Student: 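Pasting a structure below so you can have a look.
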Amino acid sequence: MLARVTVAAVYVSCDRIVTCAPGALPRRRDFDLGILEGAAMRIENGRVSWIGSREEAPDESVYLQGTIVPGLVDAHTHPVYAGSRLHEFALRAKGATYQEIHAAGGGIHSTVRATRAASYEELLARTERVLARMLRHGTTTLEAKSGYGLDEATEIRDLQLLGDVASPMRIVRTYLGAHAMPPDFADRREEFVKTLIEQTLPRIARERLADACDVFCEDGAFTLDESRRILAAARAHGLDVKAHAEEFAYLGGARMAASLGARSVDHLLSLPEHDFAALAESGTVAVLLPGTTLFLGKERYAPARGLIDAGVPVAIATDFNAGSCMTESLPMAMSLAVLKMKMTPEEALIGATVNASHALGVSDVCGSLEVGKAADFLVLEVDDPREWLYHFGVNLVREVWIAGRRVSDDIPC
Ligand SMILES: [Zn+2]
């Protein structure tokens, strides 16, 4: 006979809880943070089972000094890679552009070569270190893309690796086999796209190696038509779809992906105003990545204000990757959203919690602190959540809890 295991409830209390509730729908116009002063929370089986005032909580509740916010959701990252692109960082300081570095054999292809050559153990250890740094800065859920293998064997290895990572974080896996055209397929584009659609994608879906499929729809990467075929095939195989779109040039990728029911379209620096309404109508989340503009030394940021004013749900993510945005800090990207894209701190915070959870299809689990959702939260050393972004580039995360367990004590430094 099975013994019934009852897990005792744990109460935590603090100076205030920023619930970011309600999180059932992506936020478009209402960015109220749901702040409860002198609040407490009951946690059972890793989930929030009650939220109320501190006076109502039992005396033995654990007092956490500071402000509790939901664990952050990073909706766009490329954490599985080998090699270093440090030299490009220095080259850009001398004036080289991302596209010039790419054309000279650097860029994505240098990371692809290093990633293909790396051992599974080396890559796994590197990825775990990246995730640990993200966690220390407050990310508890992340979307992680493959995309530095390009060939089937390496892409599948890297998606499997993301399933093997030793981390308490929630990981949503995305297949990005269409990240770049491998140089040896430059004259055989159709062969590459066909293999991806007819062979690799069905296998990834069948073996449940990914939750979503992404494509880099851009001049020098994949055309609008190639991108559409890849995403349509992914949908047909039951995967969520999303796209890197309108980062450098406007190809219409965001509209195309939205018409296929994409959960998100990402970057959007070159998205013209006449496409805003189509995005607002589709409900697709615009994932904006201001760290990338900063890191590439450019001036043009995504049109966050226009998108929000048009009613498009906006999320903020890091775009962590070795080439164009080397930061694991989502709060840094949120500060940039305020400083460079003129979002309010409230919009940035909702963008990295509720709206990001919708971009990943995990809004029933995380993104806000509400009864029934996971007890994923951070304790910040601030009195006002806006102070977190105001104090830019400095880590104010005191504790990280995932599924009701304090995990910040276990993070290796
Ligand atoms: Zn990306």
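All ligand and atom numbering here is 1-based and tracks the order in the structure. Only heavy atoms go into these numbers, but all of them, side chains included; no hydrogens, no water, no symmetry mates. Only a predicted model underlies this, so the values are computations on that prediction, with no experimental measurement involved.
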Student: Do Val172 and Leu142 make a side-chain contact, defined as non-hydrogen atoms from C-beta onward lying under 4.5 Å apart?
Tutor: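 No, side chains not in contact.
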Student: Side chains of Thr97 and Arg92: is there a donor and an acceptor less than 3.5 Å apart?
Tutor: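 Result is no, nothing qualifies.
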Student: Could you check Arg170, Arg173, Lys242 and say which one makes a salt bridge (charged side-chain N to carboxylate O under 4.0 Å, His left out) with Glu143?
Tutor: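 The option that passes is Lys242.
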Student: Could you enumerate the protein N, O or S atoms under 2.8 Å from the Zn ion (ligand 1), written like residue then atom name?
Tutor: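 Protein N, O or S atoms closer than 2.8 Å to the Zn ion (ligand 1): His76 NE2, His78 NE2, His244 NE2, Asp319 OD1.
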Student: Does any N or O in the side chain of Asp275 come within less than 3.5 Å of the main-chain N or O of Glu273, such that one atom is a donor and the other an acceptor?
Tutor: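 Absent.
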Student: Would you kindly say whether His179 and His244 are connected by a side-chain donor-acceptor distance under 3.5 Å?
Tutor: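 No, no side-chain donor-acceptor contact under 3.5 Å.
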Student: Does Leu279 offer a backbone N or O that forms a donor-acceptor pair with the side chain of Ser282 under 3.5 Å?
Tutor: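 Confirmed, Ser282 side chain pairs with Leu279 backbone.
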